[in-house]
Amino acid sequence: MQTIDFNRLKLRNGDKVLDVGCGEGRHSIAAWLEARVDVTGIDLCEKDLQTARGRQQESVQFLQGAEDGRSIRFIQGNALELPFEDSTFDKIICSEVLEHIPDYHGVLAEIKRVLKPDGLLAVSVPRAWPEEICWRLSKAYHEVEGGHIRIFNATHLRHDIESLGWRRYSRHWAHALHVPYWWLKCWKWEQPSKLVDHYHKLLVWDLMEKPKVTRMTEKLLDPVMGKSVVMYFEWEPGRGKSSDTNKEVFYG
């Protein structure tokens with residue numbers, strides 16, 4: 001399930017791409033398949049990285065012999081201490097990560113350090129109002145180990161990022177069809193539910209087949225109830241002012 005739009009990120013052949021908190025590699029592998037780029041995925045969880053490596057090997061068949069000029073690697077590391085030199089990457093992806101990390105400002109500072117001055121950044125987090133309903137329906141949803149520790153106000157997050165010197169140049173929402181699934185799952189948390197099972201099968205079918213009816217439906221619904229808000233930033237000389245770093249909705 002891809003959240004970041006590579007057209008908006010202006011992914012180009014020759015780019016060095018970093019996927020911060022890559023998890024099982026969905027965006028890393030998608031970028032590697034999309035263009036002749038050098039992709040690095042970094043995550044704390046070695047189990048997820050092993051899954052990512054396996055998925056990358058399974059994806060080689062889709063390149064149809066066009067591997068020249070592209071590479072991909074997955075490494076274990078901490079987003080608060082990225083093991084890279086300053087100004088290393090052309091594009092950085094940070095998708096559905098910041099809501100898990102107490103010191104997300106530290107992560108943004110590290111991203112700023114390793115991104116080239118003319119590089120681009122894509123950030124996505126769960127949208128506030130659908131996420132708040134999930135929290136209200138189930139405490140376990142956000143209290144599990146490694147779960148969400150905050151609900152972001154997207155405007156405040158944008159200001160936090162722009163205070164470091166970036167400017168948002170694009171925004172969209174994604175995954176509206178997943179919102180009812182998570183509401184149902186939170187409502188029936190740890191309880192058997194045929195409704196939840198059937199909805200999950202629908203989402204898998206949509207992911208694999210990409211039928212026009214569901215693609216069009218989600219496109220229409222995303223601005224209203226997209227589960228994720230996705231923002232794209234570029235460096236703006238002269239920008240970078242102090243901001244209130246506590247402007248976020250926080251529970252717990």
Side-chain angles (χ1 to χ4, degrees), residues 1-79 82-84 88-98 100 111 114-116 119-126 146 170 172-178 181-182 200-212 214-215 218-219 222 226-228 230 232:
M1 183 178 70
Q2 187 174 322
T3 304
I4 305 301
D5 182 343
F6 292 146
N7 289 326
R8 294 180 192 245
L9 188 57
K10 304 176 185 178
L11 193 65
R12 300 289 185 267
N13 291 340
D15 280 346
K16 288 185 177 294
V17 181
L18 177 64
D19 186 3
V20 177
C22 65
E24 296 182 347
R26 55 178 176 146
H27 285 107
S28 298
I29 295 170
W32 174 69
L33 292 172
E34 179 77 14
R36 293 192 295 275
V37 294
D38 178 8
V39 182
T40 300
I42 187 169
D43 201 279
L44 271 176
C45 180
E46 181 59 33
K47 182 179 178 181
D48 285 349
L49 293 171
Q50 292 283 2
T51 300
R53 295 182 186 111
R55 289 180 173 177
Q56 182 264 327
Q57 290 298 317
E58 294 172 358
S59 300
V60 170
Q61 59 182 311
F62 297 106
L63 291 176
Q64 299 178 339
E67 294 185 65
D68 290 346
R70 71 185 78 204
S71 66
I72 186 169
R73 61 174 176 156
F74 293 100
I75 64 174
Q76 188 174 34
N78 190 333
L82 293 172
F84 311 110
T88 297
F89 297 96
D90 301 288
K91 308 288 166 61
I92 294 183
I93 296 166
C94 187
S95 180
E96 312 300 299
V97 173
L98 299 179
H100 297 273
I111 288 174
V114 302
L115 184 64
K116 293 179 181 179
L120 301 179
L121 167 65
V123 174
S124 77
V125 295
S170 187
H172 64 92
W173 298 269
H175 312 314
L177 293 182
H178 288 250
Y181 168 76
W182 281 104
H200 184 262
K201 290 179 180 178
L202 171 66
L203 293 178
V204 172
W205 171 75
D206 173 59
L207 179 65
M208 301 302 294
E209 302 297 330
K210 296 180 174 59
K212 289 184 178 180
T214 55
R215 293 298 83 223
E218 185 159 79
K219 185 176 181 180
D222 274 343
K227 191 176 192 302
S228 297
V230 192
Y232 303 82

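As the structure is a computational prediction, the values presented were derived from the model and not from experiment.
- Side chain of K210 to main chain of L207: a donor-acceptor pair is present (N/O by atom type, distance under 3.5 Å, no hydrogens or angles).
- Contact detail for L120 and L115: the closest heavy-atom pair is O-CD1, 3.8 Å.
- In this structure a side-chain-to-backbone donor-acceptor pair under 3.5 Å is missing from H27 to I93.
- Proximity of a side-chain donor or acceptor of D43 to a complementary backbone N or O of C45 within less than 3.5 Å is detected.
- A side-chain donor-acceptor contact under 3.5 Å links E218 to the backbone of L177.
- Side-chain contact between L202 and Y181 is absent, with no heavy-atom pair separated by less than 4.5 Å.
- The closest side-chain heavy-atom distance from L82 to L18 is below 4.5 Å.
- Note that CD1 of I111 and CG of L98 are 6.5 Å apart. Values are rounded to the nearest 0.5 Å.
- The CG atom of D15 sits 12.0 Å away from the NZ atom of K10 when rounded to the nearest 0.5 Å.
- Checked by atom type and distance alone, the side chain of Q76 pairs as donor or acceptor with a backbone atom of L44 at under 3.5 Å.
- Salt bridge status for R73 with D38: absent, with no side-chain N to carboxylate O gap under 4.0 Å.
- R36 contributes no side-chain N or O that, together with a main-chain N or O of N13, makes up a donor-acceptor pair within less than 3.5 Å.
- S28 approaches I72 most closely through the heavy-atom pair O-CD1, 3.7 Å.
- Atom NE2 of H178 and atom NE2 of H200 lie 9.0 Å apart (nearest 0.5 Å).
- Here the closest heavy-atom approach between residue H100 and residue G146 is recorded as ND1-O, 2.7 Å.
- The two residues R70 and L33 make their nearest non-hydrogen contact at NH1-O, 3.4 Å.
- Separation of atoms CZ (F89) and OG1 (T40) is listed at 4.5 Å; rounding is to 0.5 Å.
- Looking only at side-chain heavy atoms (C-beta outward), Q50 and E46 come within less than 4.5 Å of each other.
- For the residue pair V97 and V20, the shortest heavy atom distance occurs at CG2-O, 3.3 Å.
- Y232 contributes a side-chain N or O that, together with a main-chain N or O of D5, makes up a donor-acceptor pair within less than 3.5 Å.
- Atom CG in L203 sits 9.0 Å away from atom CE in M1 (nearest 0.5 Å).
- Considering all non-hydrogen atoms of both residues, F74 and C22 come closest at CD2-SG, 3.9 Å.
- With D222 contributing its side chain and A176 its backbone, the two residues share a donor-acceptor pair below 3.5 Å.
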Check: Between F84 and I75, is a side-chain contact (heavy atoms from CB on, under 4.5 Å) present by the stated rule, with each step listed?
Finding: CA-CA 12 Å; F84 311 110; I75 64 174; 3.7 Å; yes

Next item on the list: Might you work through the side-chain contact (heavy atoms from CB on, under 4.5 Å) test for T3 and R26, ending with a clear yes or no?
Entry: CA-CA 9 Å; T3 304; R26 55 178 176 146; 3.0 Å; yes

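- Taken to the nearest 0.5 Å, the CD atom of E96 stands 8.0 Å off from the CD1 atom of I4.
- More than 12 heavy atoms of other shown residues, nucleotides or ligands fall within 6.0 angstrom of atom NZ in K116.
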